[in-house]
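Worth knowing before you read on, the calculation uses all heavy atoms, side chains too, and leaves out hydrogens, waters and symmetry mates. Every chain is numbered from 1, with letters handed out A, B, ... down the list of sequences.
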Amino acid sequence: MCSAVPSCGPLQWIVTPNMVRVRFAPSPTGYLHIGSARTFIFNWLYARHHQGTMILRIDDTDVERNTDASLQSIYDGLRWLELDWDEEYRQSDRLEQHKLAAWAIFEAGHAYRDFTPAANSGEEAASAGSSKGPWLCNPGMRELTLEESERRAAAGEPFVLRFRVPRGAGRTIAFPDGVYGEQSKSADDVEDFALLRSNGMPTYHMASCADDAALRISHIIRGQDHLSNTFKHILIFEALRAELPNFAHLPLLVAPDGAKLSKRKHGPVVSVTTYRDAGFLPHSYVNFLCLLGWSPKDNREQMSRRELLDAFSLAGVNRSNAVVNFSEEDPIDPKALWLNSQHLRAWPVEELAPRVKLVLEAAGLPALEPEEHFRWVVDTIRSRFFTLNDFATKGRAYFADDFPMQSEALAKLDAPQARELLRELAPRIAALPEFTEASAEAALRELATEKGVKAGVLINGSRAALTGQTVGPSAFAVFAALGRERVVKRLSGV
RNA sequence: GUCCCCAUCGUCUAGCCCGGCCUAGGACACCGCCCUUUCACGGCGAUAACGCGGGUUCGAAUCCCGCUGGGGACGCCA
């Protein structure tokens with residue numbers, strides 16, 4: 001099992017079987033994004049597969065943009081997906097350690113104060129996109145003597161603390177990526193990034209690395225958008241004299257136009273709540289997300305949680321971005337829907353029933369009594385449904401007396417004699433000594449024979465009259481599902 | 001612009017590392033047929049891809065180079 005994971009050597013595996021520690025570190029600045037959810041899932045799968053520890057770390061250092069609602073949406077989303085974690089941290093609780101770490105880097109000579117006013121720095125950054133070439137550092141600041149730096153700081157001049165990237169020495173920063181393989185970049189191409197802002201607060205790079213080191217994260221598994229940041233992070237780990245974690249980057253989830261999924265551009269398709277509200281089974285959505293950028297390599301698609309856990313490995317993660325196939329008209333990826341229908345059919349009915357009940361409740365519909373009967377109905381109608389919501393919409397006639405009549409159903413009833421025959425069937429059903437699928441069928445066929453019509457007229461007519469639809473289970477199963485009282489009432493009312 | 005990454009059916013992917021078993025496999029969607037006195041499920045079938053150009057080789061989807069295309073990073077955001 002271990003051989004599939006290059007970053008986990010056999011010796012390490014034998015000696016310290018429990019040392020895998022991974023983390024998911026969202027910033028609470030928006031609702032839970034499906035890309036973030038997928039990152040959580042891959043980390044979680046990795047942790048659980050290796051009997052490791054899953055850590056949730058809230059990266060809330062951006063005080064301006066943090067919201068409680070967003071934090072809540074992260075918890076809600078993860079809980080809905082039935083995902084769990086073993087340890088939880090709040091980055092803001094660890095501010096002092098991050099600052100200390102930054103100053104330790106300064107003390108060691110790997111950082112310097114940059115007194116360039118924020119506005120100028122911003123202009124530099126803005127113009128870096130033009131023909132002037134990449135921005136590496138603000139002029140003059142790297143070379144400031146320690147004395148002058150101390151003097152200006154003591155005088156109260158604001159500054160940002162920047163990492164002094166080793167340059168001009170031909171230094172190459174390299175690391176093996178668990179997904180992308182050997183990575184390397186010349187230090188000459190890495191800019192002097194900030195460690196502390198002018199208000200003294202640590203930046204993301206600083207806080208993140210300090211925490212990853214302090215929490216002894218063994219594997220950093222995150223989106224590919226961090227691949228180029230990793231070179232900076234390695235520099236920080238080194239300056240901190242911390243052991244380097246293993247890195248693995250995940251291909252990004254993109255829109256059909258190839259662009260990174262974003263809340264602004266793509267709206268609700270990026271929020272996990274959309275899929276919850278659409279009536280997805282949590283596990284089926286997890287399953288779908290797993291298939292975006294990962295494959296068990298053996299053609300399996302519909303997989304249980306156990307199967308996912310057993311099959312997961314970084315070796316199965318591919319390198320190209322995955323398109324979430326949605327459109328303006330339909331925000332849901334057809335494959336996600338199909339996968340959901342498969343799980344809906346395969347799920348043990350006793351576990352499915354309570355979920356259906358919740359959906360019915362939300363739609364103001366009562367579940368059926370007794371429980372045994374309710375389960376039987378759920379089981380007989382589910383093979384035509386794709387989401388939980390379908391039980392309340394397409395399946396409304398099974399739970400309520402007010403349901404829409406489709407035009408196709410109306411057409412069946414308008415067939416010659418159809419209404420008369422159905423109205424005649426009603427008292428016969430009512431008079432049955434025992435009401436079962438079989439007895440109802442016998443009564444119906446008897447009537448058809450008496451009147452010399454094809455049984456199909458009555459069978460299809462009944463389904464139409466009873467459910468308002470031409471789509472559905474065997475008409476006799478519909479009889480049994482509705483119960484004698486409703487059947488008689490609906491038939492006589494055509 | 002600089003740096004990094006990626007490139008198989010419309011979409012998700014297998015195959016690529018360790019060239020030949022690939023006239024490129026599976027799945028979704030679409031279409032057709034079978035099953036079904038309905039519809040769905042299920043079964044069967046059809047359409048559909050190795051971005052381009054050079055090498056290397058007896059042989060390349062697989063290895064090398066270039067091009068093109070796409071993505072990402074380049075903030076006192078995370």
Side-chain angles (χ1 to χ4, degrees), chain A residues 25-29 59-62 64-65 91 114 116-118 121-122 124-136 158-162 177 180-181 183-186 188-191 193-201 203-205 207-208 223-232 249 251-252 254 256-260 288 291-302 318-326 333-339 341-342 345 381-386 408-409 412 454-464 469-475 478:
Chain A
S27 63
T29 54
D59 279 10
D60 56 351
T61 53
D62 187 356
E64 312 278 297
R65 300 198 301 152
Q91 238 180 14
D114 177 354
T116 310
S121 189
E124 284 295 330
S127 63
S130 71
S131 57
K132 290 173 79 177
W135 177 88
L136 288 176
F159 61 86
V160 323
L161 196 70
R162 284 189 189 282
D177 189 276
Y180 288 90
Q183 301 296 307
S184 72
K185 185 174 190 168
S186 166
D188 294 348
D189 293 322
V190 178
E191 75 279 4
F193 53 94
L195 260 22
L196 294 180
R197 305 180 244 233
S198 55
N199 62 4
M201 298 289 276
T203 61
Y204 158 73
H205 298 301
S208 177
Q224 193 240 47
D225 46 347
H226 285 291
L227 192 54
S228 38
N229 284 151
T230 305
F231 299 102
K232 297 173 195 165
H249 291 86
L252 263 22
V254 298
D257 67 0
K260 187 171 153 179
F288 171 69
L291 262 18
L292 257 22
W294 173 81
S295 155
K297 312 278 188 197
D298 57 9
N299 287 343
R300 277 183 298 169
E301 302 205 286
Q302 183 195 349
N318 63 23
R319 286 175 273 276
S320 47
N321 292 345
V323 175
V324 179
N325 197 11
F326 63 87
D333 190 313
K335 192 146 189 174
L337 207 55
W338 168 79
L339 203 51
S341 76
Q342 298 300 303
R345 264 143 230 177
I381 63 181
R382 64 170 160 176
S383 79
R384 263 148 284 250
F385 295 164
F386 282 75
E408 298 90 332
K412 293 274 186 204
K454 283 192 287 186
V457 175
L458 279 166
I459 291 172
N460 294 328
S462 301
R463 188 185 301 102
Q469 297 172 332
T470 54
V471 191
S474 140
V478 174

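- A donor and an acceptor atom never sit less than 3.5 Å apart when one is taken from the side chain of A:Asn321 and the other from the base of B:rG70.
- With hydrogens and angles left out, the side chain of A:Lys335 and the base of B:rC12 share a donor-acceptor pair within 3.5 Å.
- Between A:Lys454 and B:rU37, a side-chain N or O to OP1/OP2 separation shorter than 4.0 Å is absent.
- Here A:Asp177 pairs with nothing under the salt bridge (Lys or Arg N to Asp or Glu O under 4.0 Å) rule; sequence neighbours left out.
- Nucleotide B:rC74: paired with B:rG1 (Watson-Crick or G-U wobble, both distances less than 3.5 Å).
- Side-chain to base pairing of A:Ser320 with B:rC6: no donor and acceptor N or O lie closer than 3.5 Å to each other.
- The residue A:Ala322 sits close only to the backbone: its heavy atoms come under 4.0 Å of sugar-phosphate atoms, none of a base.
- Looking at heavy-atom distances under 4.0 Å, A:His249 makes no contact with the nucleic acid at all.
- For A:Phe193 and A:His205, the ring centers sit closer than 6.0 Å to each other.
- Nucleic acid contact class of A:Arg345 (heavy atoms, under 4.0 Å, all strands): sugar-phosphate only.
- Donor-acceptor pairing under 3.5 Å is recorded for the side chains of A:Asp59 and A:Gln91.
- Taking side-chain N and O atoms only, A:Arg319 has no distance below 4.0 Å to OP1 or OP2 of B:rU13.
- With distances taken from any side-chain atom of A:Ala455 to the nucleotides B:rG72, B:rU37, B:rU13, the minimum falls on B:rU37.
- Looking at heavy-atom distances under 4.0 Å, A:Gly472 makes contact with a base.
- Nucleic acid contact for A:Asp225: sugar-phosphate only, since backbone atoms but no base atoms lie under 4.0 Å from a heavy atom of the residue.
- No engagement by A:Gly181 is indicated, since no non-hydrogen atom pair under 4.0 Å with the nucleic acid exists.
- Nucleic acid contact class of A:Ser295 (heavy atoms, under 4.0 Å, all strands): sugar-phosphate only.
- Considering only heavy atoms from C-beta on, A:Arg319 stays 4.5 Å or farther from A:His249 through its side chain.
- Within the nucleic acid shown, A:Ile459 comes within 4.0 Å of at least one base atom, counting heavy atoms only.
- Among the protein residues, A:Lys412 comes within range of no part of the nucleic acid, since none of its heavy atoms lies under 4.0 Å from any strand.
- The C1' atoms of B:rG53 and B:rA60 are separated by 15 Å, rounded to the nearest whole Å.
- Across all strands shown, A:Glu408 has no heavy atoms under 4.0 Å from either base or sugar-phosphate atoms.
- Among the protein residues, A:Gln342 comes within range of the sugar-phosphate backbone only, with heavy atoms under 4.0 Å from sugar or phosphate atoms but none that close to a base.
- The residue A:Val323 sits close only to the backbone: its heavy atoms come under 4.0 Å of sugar-phosphate atoms, none of a base.
- No cation-pi contact links A:Arg197 to A:Tyr204, judged by a cut-off of 6.0 Å to the six-membered ring centre and 45° from its axis.
- Closest to the A:Lys185 side chain, of the nucleotides B:rA7, B:rC4, B:rA78, is B:rC4.
- Figure legend. B:rU56 is base-paired to no nucleotide; pairs are counted as Watson-Crick or G-U wobble with both atom distances under 3.5 Å.
- With a cut-off of 3.5 Å on both pairing distances, the Watson-Crick or G-U wobble partner of B:rG69 is B:rC6.
- Across the strands present, B:rG45 finds its partner in B:rC31; the criterion is a Watson-Crick or G-U wobble pair with both atom distances under 3.5 angstrom.
- Residue A:Pro473 is classed as a base contact, given a heavy-atom separation below 4.0 Å to a base.
- Comparing the P positions of B:rU36 and B:rG25 gives an interatomic distance of 32 Å, to the nearest angstrom.
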